[in-house]
Amino acid sequence: MKPRIAIACQGGGSQTAFTAGVLQGLFEAGIQKNFEIVSLSGTSGGAVCAALVWYAIKKGELPVWKRLLTFWNDNTPHTADEQFFNDWIVDWIRIINRGMWPSLQLSPGSPIVQTMMGYFSFGKRRAFLDFAELLKSHINFDEIASWGPLPEKPVLVVGAANVLTGKLRKFISGKEVIRVEHIMASCAVPSLFPAVEIDSDAYWDGLFSDNPPVDELIQPSFVGIENVAEEIWLIKINPTRSKFIPVQPDDIFDRRNQLEGNVSLFQQLVHIELINDLILADAFNQNFLSKLNIKEPIRIPKSFHDDPDKPYHIPCIEMSEEIQAVLDYEGKIDRCSTHLNLLIEDGKKRAREFLNARANIVEQVASKMAKPVT
């Protein structure tokens, strides 16, 4: 039996080009031959990457990652005018975040902002400034609507936050038709995009809910009894540690964003760790576990590197320290091809390293458990 895996993709704007590279590296390594991919989850840019791969798998496309890489190439500036616009936005926000220029707080849905965007859109591709149009040019949502809900693996789980009720929201392909509004809702950073209205509710960025959804990947009520994951592979964008105490305004803003982006993730990992420890302590009735389609502890990464090692821990997939050292908050909105390609290449490299490290850990744990007790 192939291990049932779920791939969870953390959000992080343009920096989730790293996730695209990781997914390319994983599929190039042939993970479909050795593992059963039962679910994909994501928030914000992670939701975009997860949705593109999910759609390609459902269509039977090979290579699975081709559509994903095409999207990221289309997301970059293609003309000198588009490059100037990208650089101007990134540099302007960087100057403001460094405290070198006062910020003017405007609603992203205000007439002034809409007029400005209309002016700046002259001479540019529609998909370059219209994110919904960019998504629809790479995912045929009308085709998805014709499929109806798809409970078969892999299941797609997209996280968002309900602005009005304060409740966390998961858009799940096994329960409803995935719409472009669902992906937009997960990406709706309040300072950049207006809330996305769906039916009678409104949604903001999934950063406020689950970044990314993890708990749901082991719950039959969300993904279905056959799609409960035995392993959760986490593609992480926000670094856990900081090498210095932030003092400058932009460093404080960046570190705050990282901490906010990780808090819900760590809470979910701690929850699964508790379940795992109870399983190891034989605290559950076996009939109860069988109903959940759980036979042994779920393999997950540790929340913190210095946490004690446990037999169910596997590595996390995150950027190399060299890449993390040169990134800042503004890098999450920078769509320059040089920037994105650097992240994609690092992602491919880290995917290969993860597969090797995971295999070694699983082999070591299996070897220890196979040794007779003396």
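In this structure the side chain of Val180 never reaches within 4.5 angstrom of the side chain of Ile139, judged on heavy atoms. A heavy-atom distance below 4.5 Å is not found between the side chains of Leu23 and Trp65. Residues Leu343 and Leu327 are in side-chain contact: their nearest non-hydrogen atoms beyond the backbone lie under 4.5 Å apart. Using a 4.5 Å heavy-atom cutoff, the side chains of Val365 and Val362 are not in contact. Val53 is listed as a side-chain neighbour of Leu40, based on a closest heavy-atom distance under 4.5 Å.
The shortest heavy-atom contact between Gly42 and Pro212 is CA-CB, 4.1 Å. Ala17 and Ile344 make their closest contact through O-CG1, 3.3 Å (heavy atoms, listed as atom of the first residue, atom of the second, distance). Of all heavy-atom pairs between Ala8 and Val214, the closest is CB-CG2, 4.3 Å. Among all heavy-atom pairs drawn from His339 and Asp334, the shortest one is CD2-O, 3.1 Å. Of all heavy-atom pairs spanning Tyr312 and Asp277, the tightest one is OH-OD1, 2.9 Å.
No donor-acceptor pair closer than 3.5 Å links the side chain of Arg335 to the backbone N or O of Pro77. For the pair Glu181 (side chain) and Ile198 (backbone), a donor-acceptor distance under 3.5 Å is absent. Counting only distance, with no hydrogens or angles, the side chain of Asn293 and the backbone of Ile225 share a donor-acceptor pair below 3.5 Å. At least one donor-acceptor pair under 3.5 Å links the side chain of Arg350 to the backbone N or O of Glu318. Remark: side-chain polar atoms of Asp199 are not paired, donor with acceptor, to backbone N or O of Asp201 under 3.5 angstrom. Looking at Ser186, its side chain never comes within 3.5 Å of a backbone N or O of Ile183 through a donor-acceptor pair. In terms of modelled atom types and a separation under 3.5 Å, the side chain of Thr76 and the main chain of Ser337 share no donor-acceptor contact. Between the side chain of Asn360 and the main chain of Asn356, a donor-acceptor pair closer than 3.5 Å is present. Formation of a donor-acceptor pair under 3.5 Å by the His78 side chain with backbone atoms of Asn73 is found in this model. Side chain of Thr79 to main chain of Glu82: a donor-acceptor pair is present (N/O by atom type, distance under 3.5 Å, no hydrogens or angles).
Classification of the Phe304-Phe266 ring pair by plane angle, with boundaries at 30° and 60°, yields tilted.
Sequence neighbours left out, the pairs with a member in residues 15-36 that pass salt bridge (Lys or Arg N to Asp or Glu O under 4.0 Å) are Glu36-Lys153. Applying the salt bridge (Lys or Arg N to Asp or Glu O under 4.0 Å) test to residues at least two apart or on different chains, the pairs with a partner in residues 3-24 are Arg4-Glu230.
A distance of 14.0 Å separates NZ of Lys236 from SG of Cys9, quoted to the nearest 0.5 Å. The CZ atom of Phe244 sits 9.0 Å away from the CZ atom of Arg255 when rounded to the nearest 0.5 Å. The structure places CD1 of Ile218 at 6.0 Å from CD1 of Ile232, a figure rounded to the nearest 0.5 Å. Atom CG in Asn238 sits 8.5 Å away from atom CG in Leu259 (nearest 0.5 Å). Atoms NZ and OG, from Lys175 and Ser221 in turn, are 6.5 Å apart once rounded to the nearest 0.5 Å. The distance from the CD atom of Glu152 to the CD1 atom of Ile57 is 13.5 Å, given to the nearest 0.5 Å.
Salt-bridge formation is detected for the pair Arg169/Glu176: a Lys NZ or Arg NE/NH1/NH2 atom is positioned less than 4.0 Å from an Asp or Glu carboxylate oxygen. Taking 4.0 Å as the cut-off between side-chain N and carboxylate O, Arg256 and Glu260 count as a salt-bridged pair. Salt-bridge formation is not detected for the pair Lys349/Asp346: no Lys NZ or Arg NE/NH1/NH2 atom is positioned less than 4.0 Å from an Asp or Glu carboxylate oxygen.
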Pair Ile294-Phe288, side-chain contact (heavy atoms from CB on, under 4.5 Å): steps then yes or no: CA-CA 9 Å; Ile294 296 175; Phe288 171 73; over 6 Å; no
Step-by-step side-chain hydrogen bond (donor to acceptor under 3.5 Å, both in side chains) determination, Gln258 to Asn262: CA-CA 6 Å; Gln258 293 170 357; Asn262 282 335; over 6 Å; no
Residues Leu340, Ser14; criterion side-chain contact (heavy atoms from CB on, under 4.5 Å); working and verdict: CA-CA 7 Å; Leu340 299 187; Ser14 294; 4.0 Å; yes
CA sep, side-chain torsions, deciding dist, call: Trp54, Ile144, side-chain contact (heavy atoms from CB on, under 4.5 Å): CA-CA 11 Å; Trp54 171 81; Ile144 294 175; 3.8 Å; yes
Stepwise side-chain contact (heavy atoms from CB on, under 4.5 Å) test for Ile93 and Ile333: CA-CA 10 Å; Ile93 293 178; Ile333 59 173; 3.2 Å; yes
Worked verdict on Phe71 versus Tyr55 for ring-ring contact (aromatic ring centres under 6.0 Å, His included): CA-CA 13 Å; Phe71 168 88; Tyr55 181 60; over 10 Å; no
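Heavy atoms of other residues, nucleotides or ligands lying less than 6.0 angstrom from CD1 of Ile245 number 12 at most. The environment of NZ in Lys291 is sparse: at most 12 heavy-atom neighbours from other residues, nucleotides or ligands sit within 6.0 Å. Open room surrounds NZ on Lys66; 12 or fewer heavy atoms of other groups in view lie less than 6.0 Å from it. Applying the 6.0 Å contact sphere to CD of Glu197 captures no more than 12 heavy atoms from other residues, nucleotides or ligands. Environment of CZ in Phe284: crowded, with over 12 heavy atoms of neighbouring residues, nucleotides or ligands closer than 6.0 Å.
Using modelled atom types, one finds a donor on one side chain and an acceptor on the other under 3.5 Å when comparing Lys332 with Asn257. Donor-acceptor pairing under 3.5 Å is recorded for the side chains of Asp87 and Gln83. Checking Asn227 against Ser39 by side-chain atom types alone, no donor-acceptor pair falls below 3.5 Å.
Linking ILVMFWY residues whenever their side-chain heavy atoms come closer than 4.5 Å, directly or via other members, leaves Val326 and Met319 in distinct clusters.
With respect to Arg94, the salt bridge (Lys or Arg N to Asp or Glu O under 4.0 Å) criterion is satisfied by exactly one of Asp328, Asp254, Asp251: Asp328. Each of Val228, Val157, Asp215, Ile172 was scored for a side chain to side chain contact (heavy atoms under 4.5 Å, CB included) with Phe222, with one residue passing: Ile172.
Listed by chain and number, the residues in a ring pair (Phe, Tyr, Trp, His ring centres under 6.0 Å) with Tyr329 are Phe253 (sequence neighbours excluded).
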